[in-house]
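Each remark here refers to the structure printed beneath this line.
Throughout, protein chains are lettered first and strands after them, A, B, ... in sequence-line order, and every chain is numbered starting at 1.
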Protein chains: 2
Amino acid sequence: MAKQTPKAPEKEPKKAPGVRARVRAELTAEIKAAATRQLAVDGAAGLSLRAIARELEMASSAIYRYFASREELLTALIIDAYTSLGDAVEAADAAHPREEFAPRFVSMAKALRSWAIDKPNEYALIYGSPIPGYAAPQDTVDSATRIPVALLTVMVEGRVKNSTASRTSSEDDSLAQALDGLMTFTGRTIPPGPLAIAVEAWAELFGLVSLESFGHFENAVTDPEAFFDHAVRTLADRVMG
Amino acid sequence: MAKQTPKAPEKEPKKAPGVRARVRAELTAEIKAAATRQLAVDGAAGLSLRAIARELEMASSAIYRYFASREELLTALIIDAYTSLGDAVEAADAAHPREEFAPRFVSMAKALRSWAIDKPNEYALIYGSPIPGYAAPQDTVDSATRIPVALLTVMVEGRVKNSTASRTSSEDDSLAQALDGLMTFTGRTIPPGPLAIAVEAWAELFGLVSLESFGHFENAVTDPEAFFDHAVRTLADRVMG
DNA sequence: AAACAAACAAGAGCAGTGCTCTTGCTTTTT
DNA sequence: AAAAAGCAAGAGCACTGCTCTTGTTTGTTT
C-alpha cells in the first residue's frame, strides 16, 4: 500500500552508468525523436504524448517516467531547437576569418534563415508565440542566449573596428540605461551607440525571417531569398561598412 | 428522419432584418466577446468552446449554430484583431498633417507597439506562430493587408518626396522582381529602391515589437519603450531623413 | 545466494476537449 | 392553419493530459 510517488524522474543516477541508465537514455532520445518528428508535421499545439506512445508502442503512462509532463517534453524540444540553430549559426561564423566581420555576419544571417525555412515548426517553437502559462525554465533561457550574443558580438566588434572613434553624445547615457541588461553580457563594457545599432539590426534580421516564415510575405515578397540576401548585405554595410 | 444538416450557418438571411436576425447577431457578438476575454487570459491554444458555452450558460452544441467550428471562431477573432490594430494605426496616422511623413510614421509605429503590448495574445494571434493546418481564409488576408500597406505607403511617399531623383541601378531590376507582389499593391508603380528600404524598415519594426512582446528582451533590453522610441526615430531618419 | 529497494510498464479511470446526431420546441414564412 | 426553417439541448464518440494502482523486472546490499 506504500504510495509510490513517481514524481519528477531524476535526471542522473549520480554514479552508476549501468545498463539501465543506458537504455533509459536511449528511450528518452527515442521519445524526443518521435516528438520532433511529430512537431515537424503538426506543430507544437498538436504534440500528443499518446500519439508518441502509440508510435513507440508503449503505454502512454509509461512516458511519464521519462518526462514528468508534456510541458517538460516541450522544454527539452525547445532546448534542442536552440542548440541546433546555435550550432548552425556558429558553424557559419567559423567558416570565415575572424577579422572579416561583414562576411561572418552575412554568413550567420543566411544560416539563420535557412534553418528557419527548413524547420518552420521548430523555428515557431522558439521564436513564435510564447505558450501562455509556460514559464521558460532557466535552461531554455541559457541556450537561447547563444544566438543573439553571437550575432551582436560580430556586429559590435565589426563596427568599433571599422569606425572612427565614436564621440559619446548626451543621448548615449539614456541608451546605455535602456540596454543595461546587454551591457554586462560579454563581460567588458560596450559603447551604447554601436550596441543600439546592432540590436536594431538583430531586430530587422529576426523580423525578415519571421515575416517570411510566418507567411506574411505571401503575395507580397515574391522572391524572399533574393530579397533577404539584398537586405542582409545592406544591413552589413550599414552596421559595419 | 430527415437529416437536418446544420452545416455551415448562413451569414446573412439575405432579406429579413427581422427580430430573429437581430438576436442572432447579438448572440454572435456575445460569443466573440467571451472568446476575446478568454483569449486575453489563456491565449489561442486555450480557447475552449465549452468554456465559452459555460460562461454564456448555454449548451456547447448550441454554439455550432453561430460558428461552424472552433477554427471559424478563431478566424473571426483574427479579423477582429487585424481590424482593431489597423484602426489604431490609421488613427495615429490621421493625427498628423499629410505632408509630415516622419511624424506620421513614428506615430504609427508607436501605436503598433502600444497595441501589441496591451493585447499580447491578440498580437500573437495575428503575428505569432501560424496555426499548423490552418489555411488562412481570404478574409483574414484582406484585413491583414491594411497595416503593412499603410506603413509602407507613408515610408515610400516620404522617401520619394525628400530624396533627390533616384537613378535606377542594375540591381534595381532584380529587386523589382523579388518585390513583384508589392509593386502592384497601391496601383501605381513604386521605385524598387525605396520600396526595399521601406520593407526592411517594416521588418525591423515588426522585429522590435515581436522580440519584446514574445519575451526575448527579458534581461537584455531593460527599458524596451525607451529603446523602441530611439530605434523608431533612427528608422524614420534613415528612411525619410 | 537471498533480500530488498528502486525502476519500470501497463491498465483503468478522471476530467477535459471538439464535434456530431437526434430530439423537441419556437419562430417565421407560406 | 400548415409547412418550413431556425434553434437549444442532451447524449455520445473519439481524443487529450495526467494520476493511481498493480505486478514485474532490474540492480544493489546484506
Side-chain angles (χ1 to χ4, degrees), chain A residues 1-28 30-31 35 38 42-75 131-134, chain B residues 1-28 30-31 35 38 42-75 131-134:
Chain A
M1 187 161 289
K3 201 169 159 234
Q4 200 161 333
T5 55
K7 287 286 177 183
E10 312 290 326
K11 303 263 174 181
E12 287 293 311
K14 267 316 192 233
K15 290 197 166 189
V19 184
R20 200 157 208 173
R22 255 239 315 272
V23 320
R24 180 183 178 81
E26 277 171 22
L27 230 182
T28 306
E30 269 188 68
I31 293 173
Q38 220 180 87
D42 298 315
L47 211 171
S48 155
L49 291 187
R50 290 182 118 111
I52 294 171
R54 234 172 290 139
E55 187 180 327
L56 265 41
E57 287 184 310
M58 62 196 293
S60 65
S61 55
I63 291 195
Y64 285 83
R65 298 214 162 259
Y66 300 87
F67 296 93
S69 66
R70 200 189 100 114
E71 195 170 296
E72 200 176 289
L73 213 199
L74 267 180
T75 298
I131 295 145
Y134 174 82
Chain B
M1 185 160 288
K3 199 165 158 238
Q4 199 158 334
T5 55
K7 287 287 177 181
E10 312 288 325
K11 304 264 174 181
E12 288 292 311
K14 270 312 193 237
K15 291 195 164 189
V19 185
R20 200 156 209 174
R22 256 239 316 272
V23 321
R24 179 183 179 83
E26 278 169 23
L27 230 183
T28 306
E30 270 187 68
I31 293 174
Q38 218 180 91
D42 298 314
L47 211 172
S48 154
L49 290 187
R50 289 182 119 109
I52 294 171
R54 236 172 289 141
E55 186 180 327
L56 264 42
E57 289 184 308
M58 61 196 293
S60 65
S61 54
I63 291 194
Y64 286 82
R65 296 215 164 259
Y66 301 87
F67 296 93
S69 67
R70 200 189 101 114
E71 194 169 296
E72 199 176 290
L73 213 200
L74 266 180
T75 297
I131 295 146
Y134 174 82

Quiz item: B/R50 side-chain donor-acceptor pair to C/dG16 base, under 3.5 Å =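 A donor-acceptor contact between them is absent.
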message = Whether the side chain of A/S61 and the base of C/dA10 hold a donor-acceptor pair under 3.5 Å is what I'd like checked.
response =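 Yes.
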A/L27 side chain near A/M58 side chain, heavy-atom distance below 4.5 Å =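 Yes - at least one pair of side-chain heavy atoms lies under 4.5 Å apart.
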query = With side chains defined as the heavy atoms from C-beta onward, is the minimum distance between A/Y134 and A/T75 less than 4.5 Å?
reply =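 The answer is yes; the side chains approach within 4.5 Å.
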Please give, in whole Å, the distance from [N] [atom2] to [X] [atom1]?
X     : N      : atom1 : atom2 : answer
B/R70 : C/dT20 : CZ    : C1'   : 18 Å
A/R24 : C/dA7  : CZ    : C1'   : 8 Å
B/M58 : C/dC19 : CE    : C1'   : 15 Å
A/E55 : D/dT16 : CD    : P     : 13 Å
A/I31 : C/dA9  : CD1   : C1'   : 12 Å
A/I63 : D/dC18 : CD1   : P     : 11 Å
A/L56 : C/dA10 : CG    : P     : 11 Å
A/L73 : D/dG17 : CG    : C1'   : 12 Å

Check: A/Q38 side chain, A/S48 main-chain N or O, donor-acceptor pair, under 3.5 Å =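 Checking the backbone N and O of A/S48 against the side chain of A/Q38, a donor-acceptor pair under 3.5 Å is found.
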inquiry  = Please check: side-chain N/O of B/R65 versus main-chain N/O of B/R24, any donor-acceptor pairing under 3.5 Å?
reply    =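 A pair under 3.5 Å: no.
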ask   = Of all the nucleotides listed (D/dA8, D/dC18, C/dT20), which has the minimum atom distance to the side chain of B/Y64?
value =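 That would be C/dT20.
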Selection from C/dA9, D/dA9, D/dT16 that lies nearest to any side-chain heavy atom of A/R65 =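 That would be C/dA9.
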query = Mapping B/S60 and A/R54 onto DNA chain D by nearest heavy atom, which one lands closer to the 5' end?
reply =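 Counting from the 5' end, the first nearest nucleotide belongs to B/S60.
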query = For D/dG17, does either OP1 or OP2 sit under 4.0 Å from a side-chain N or O belonging to A/S48?
reply =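 Answer yes for this pair, as a side-chain N or O of A/S48 is under 4.0 Å from OP1 or OP2.
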key: Phosphate contact (C/dA7 OP1 or OP2) by A/Y66 side-chain N/O below 4.0 Å   =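 No.
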At 4.0 Å (heavy atoms only), tell me whether [X] reaches a base, stays on the sugar-phosphate, or touches nothing.
X     : answer
A/L27 : sugar-phosphate
A/L47 : sugar-phosphate
A/I52 : nothing

query = Would A/L73 and A/I52 count as a side-chain contact (heavy atoms from CB on, under 4.5 Å) if you check the C-alpha gap in whole Å, the side-chain angles of each, and the deciding distance to 0.1 Å?
reply = CA-CA 11 Å; A/L73 213 199; A/I52 294 171; 3.8 Å; yes
